[in-house]
Structures are given as structure tokens and as C-alpha cells.
Amino acid sequence: MIHRHHHQHRRKKIWRYLIGFLILFFAFDAFAVYKLYHDARQAANSTYQSVKHNSTRNGNSVISEKKPFSLLIMGTDTGEYGRTYRGRTDTIMVAVVNPKTKTTTLASIPRDTKVAIQGHGFDNKINAAYSYGGTSLAMNTIQSYLGIPIDHYIEMNMKGLVQLSSAVGPVTVNNDLDFTNMGYHFKKGNITINKENILAYTRMRYQDPRGDYGRQLRQRLVITQLVKKGMKINNLVKYRSILDAISSNMKTDLTFDQMKVLATDYREAGNIKQLQLQGQGQQIDGVDYEVVSQSNLNQLTRKLKTALEIK
């Protein structure tokens, strides 16, 4: 009888230790999750920069209502090679993310496209809008030119692209041109793009017979694969590492709460359709432009409006 009582007492003691251990474990786990969440929010907040532009609708309510939204993606030619000035937007893309059709439409705009820029006349290259008036003027100019609302923006410099590649990891693209640039050789076919060679691959244009159009194609290929790989990430630790990596070289008007909505309610929009605004090279007063016909512009506008589900 004494032996059985002693045995029961021992079992109770073991259970108390076990329960105590589980309480400590889950408390520590909850703290770790909170810490990761807090750090991810802090990193996201460091990238946030609100911009006033002449929007025809409220971009914040569009996302909160889980409707298709447009995102201006700008890559500036600064951040590496000792470049610290504002620079120009060498990369200009407009993405329309539609959670209903599970599709992202990604359109490249040639940086030398001839446009009118408010306060600077009619003979301008579209990438000059950013150097004249920063993100606000760039958004207004592109919104006016395309005839669609631009809801949000992401701006990243060259160093940010390298850091994003480092955080997300290597991606595979199907390369259609054999070339060597900056000491890296890229053969035709499937190749791996990583943090070491991403700038050499995405910035080359002089060896490409298509010129800047070839460069835009390579940029779309890389960004498409980075986005697809990023959409597969459901680990808070990984999101934090991505945000930490790019926080000092990226700006956006997307809040952390909006990023969470995109990560949950828009993550299925991984079917990416690539579009290219096409123009003709033309020299005006000694300056080289890409002049886009009205029919080509109208065609792109119709496709973007369809993706946005607006008239």
C-alpha cells in the first residue's frame, strides 16, 4: 500500500515536471513568434514612405476590399558602383495583381519612352520624371500616360535587387541570348541567377541586338521568378530576412498590414502574364527617344484595365 502510494506520488511529480516544461516551451515559443512578428513589422515600417499623387481612387481601400490593384515598380540606377545620387528609373514596370483571376499582369515601359512631364514640357524621357520630382511625379506621369490608376509603388535601387536575390535565394530563368557581361558568362537555356550575377544579367543591353527591350525582357524574367519563389514562402523567419535585407534600399507605400493581406489573400495570383510596351527609336533634336504609337499605347491600356476590372 505504501509502495503504491509512493508510485502514484512519483507519477504526479513527473506530470508536474512535464506540464511545467510544456508551459515554459509554449511560453518561449509564443515569445519567439511575437519577437519575429515585431521585428518583421519594424523592418517593413522602415521601408514605408507615403507619397501624395493625383490618384483617381483610394489605393488603400482597394487592397482592404481585396480588389485588383496596380503597383508601379521602379528600379533606380543607384546604390552600387559608388552611385549615391537620386538617379533615374532604369527599370519601369506596372504590375496589376488580381486575386479573383489569380493572375499578375507585368508590363514593362521603356525608360526612353517619349512623354509629356508636368512642368517640363512634352519632349521628355519617361525615366526623367523621377529625377525631376521623385516618386510622386513619376507616379503622376505614368498614371497619366497609361490612363489607369496607379494605386501603390515599390522603388528599389541596384543594391536592393542584389540583397533581395540574396534573401530569396537563386532562381532559374530561360535565357535566350548567349553573352558575357561583367566577367559572368550566360549561356542559352536554363541558367541560375543569384546575388553574384544578378546585376550582370539584368543590366546588360549593349551586346543585345534588341537593345533596351532585351534588357527589359531579362528584368521581367528575373523579377517573375523572384516573385514566384517569394510567394511560396510561408515562414515568418524568411519574410523577416527578406525585409531586413532590402529595408535600407527599398521604399514603398505599402504598410506592413497591407503586406500581410497580400501574403494571404493575394498569394494565389502567381500566374504572371508579361507585357511589353513597344515603340520605335527616333531622334529629336539630337536626343534618342522611344516613340510609342497611339494604337500600341491603347492596346496596353486596354489590357491593364481588363486586369484591373475597370472601364
Side-chain angles (χ1 to χ4, degrees), residues 29-51 57-75 93-107 135 149-156 160-172 193 195 198 220-274 307-309:
D29 194 49
F31 173 76
V33 170
Y34 170 77
K35 181 72 166 61
L36 285 171
Y37 182 87
H38 174 75
D39 290 349
R41 176 182 284 277
Q42 200 169 41
N45 288 344
S46 69
T47 71
Y48 178 77
Q49 185 170 309
S50 178
V51 171
R57 64 181 190 175
N58 187 326
N60 294 327
S61 63
V62 169
I63 290 180
S64 65
E65 294 168 9
K66 301 176 180 59
K67 294 180 178 179
F69 75 97
S70 62
L71 178 69
L72 174 61
I73 302 170
M74 297 180 290
M93 298 182 189
V94 174
V96 174
V97 188
N98 189 321
K100 182 180 176 182
T101 61
K102 299 181 179 180
T103 300
T104 296
T105 303
L106 188 64
T135 303
I150 298 295
D151 298 315
H152 293 281
Y153 82 93
I154 289 178
E155 173 195 326
M156 186 181 296
L161 185 61
V162 173
Q163 292 175 330
L164 178 61
S165 176
S166 177
V168 173
V171 295
T172 300
I193 300 300
K195 63 181 181 180
I198 190 169
R220 286 198 308 275
L221 287 174
V222 171
I223 289 175
T224 295
Q225 294 307 314
L226 287 173
V227 168
K228 284 184 175 180
K229 190 168 183 178
M231 282 181 171
K232 293 178 181 177
I233 295 171
N234 54 14
N235 188 320
L236 192 59
V237 176
K238 194 66 174 177
Y239 273 122
R240 180 195 167 188
S241 70
I242 292 173
L243 289 168
D244 281 344
I246 62 179
S247 60
S248 60
N249 295 287
M250 186 185 92
K251 296 176 184 176
T252 182
D253 63 346
L254 291 168
T255 65
F256 180 65
D257 288 337
Q258 287 172 332
M259 290 181 188
K260 288 193 298 177
V261 173
L262 299 185
T264 54
D265 299 320
Y266 287 79
R267 69 178 302 154
E268 296 298 320
N271 177 26
I272 300 180
K273 295 183 177 179
Q274 299 187 25
L308 280 168
E309 298 181 0

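With 3.5 Å as the limit, one finds no donor-acceptor pair spanning the side chains of Asp253 and Gln49.
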Quiz item: Hey, mind stepping through Leu254 and Ile63 against side-chain contact (heavy atoms from CB on, under 4.5 Å) and telling me if it holds?
Solution: CA-CA 10 Å; Leu254 291 168; Ile63 290 180; 3.7 Å; yes
Quiz item: After noting the C-alpha distance and the side-chain angles of Leu71 and Val97, does the key distance pass the side-chain contact (heavy atoms from CB on, under 4.5 Å) rule?
Solution: CA-CA 8 Å; Leu71 178 69; Val97 188; 5.5 Å; no
Practice problem: I would like to know whether Met259 and Thr47 meet side-chain contact (heavy atoms from CB on, under 4.5 Å); could you show each step before the answer? | Solution: CA-CA 12 Å; Met259 290 181 188; Thr47 71; 4.1 Å; yes
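In this structure, Lys100 and Glu309 have side chains that are in contact, with non-hydrogen atoms separated by less than 4.5 Å. Here the side chains of Gln258 and Asn60 are in contact, with some heavy-atom distance below 4.5 Å. Proximity of Tyr266 to Val261: side-chain heavy atoms (C-beta onward) are separated by under 4.5 Å at one or more points. For the pair Pro99/Arg267, no side-chain contact is recorded, criterion being any heavy-atom separation below 4.5 Å from C-beta on. Considering only heavy atoms from C-beta on, Val94 stays 4.5 Å or farther from Leu106 through its side chain.
Of the possible donor and acceptor atoms, one in the side chain of Thr252 sits under 3.5 Å from a partner among the backbone N and O of Tyr153. A distance-only check finds a donor-acceptor pair linking the side chain of Thr264 to the backbone of Lys260 [under 3.5 Å]. Without hydrogens or angle criteria, Lys195 side chain to Ala167 main chain gives no donor-acceptor distance under 3.5 Å.
Taking the six-membered ring where the residue is Trp, the centroids of Tyr48 and Phe256 are separated by 6.0 Å or more.
To the nearest 0.5 Å, atom OG1 of residue Thr255 and atom NE2 of residue His152 are 8.0 Å apart. From Gln274, atom CD reaches atom CD1 of Ile223 across 9.5 Å, with rounding to the nearest 0.5 Å. Here the straight-line distance linking atom CG of Leu164 with atom CE of Met250 works out to 8.5 Å at 0.5 Å rounding. Here CG of Asp151 is found 11.0 Å from CG of Leu72. Values are rounded to the nearest 0.5 Å. Atom CE of Met93 is separated from atom CD1 of Ile154 by 12.0 Å, given to the nearest 0.5 angstrom. Taking NZ of Lys273 as the start and CZ of Arg220 as the end, the distance is 15.0 Å to the nearest 0.5 Å.
Residues meeting the side chain to side chain contact (heavy atoms under 4.5 Å, CB included) test with Glu268, sequence neighbours left out: Lys102. With sequence neighbours excluded, the residues satisfying side chain to side chain contact (heavy atoms under 4.5 Å, CB included) with Ser61 are Asn58, Ser64, Glu65. For Val222, the side chain to side chain contact (heavy atoms under 4.5 Å, CB included) test picks out Val173, Ile193, Ile198, Tyr201, Thr202, Leu226, with sequence neighbours left out.
Counting all heavy atoms, side chain and backbone alike, Ala307 lies closest to Pro68 at O-CB, 3.6 Å. For the pair Pro149 and Ser70, the tightest heavy-atom approach, listed with the atom from each and the gap, is O-OG, 2.6 Å. When all heavy atoms are compared, the tightest approach of Lys229 to Val168 is CE-O, 3.4 Å. Looking at every heavy atom in both residues, Asn98 comes nearest to Thr101 through OD1-N, 3.1 Å. Scanning all heavy atoms of the two residues, the minimum distance from Thr104 to Ala269 falls at OG1-O, 2.8 Å. Scanning all heavy atoms of the two residues, the minimum distance from Ala95 to Ile73 falls at CB-CD1, 4.1 Å.
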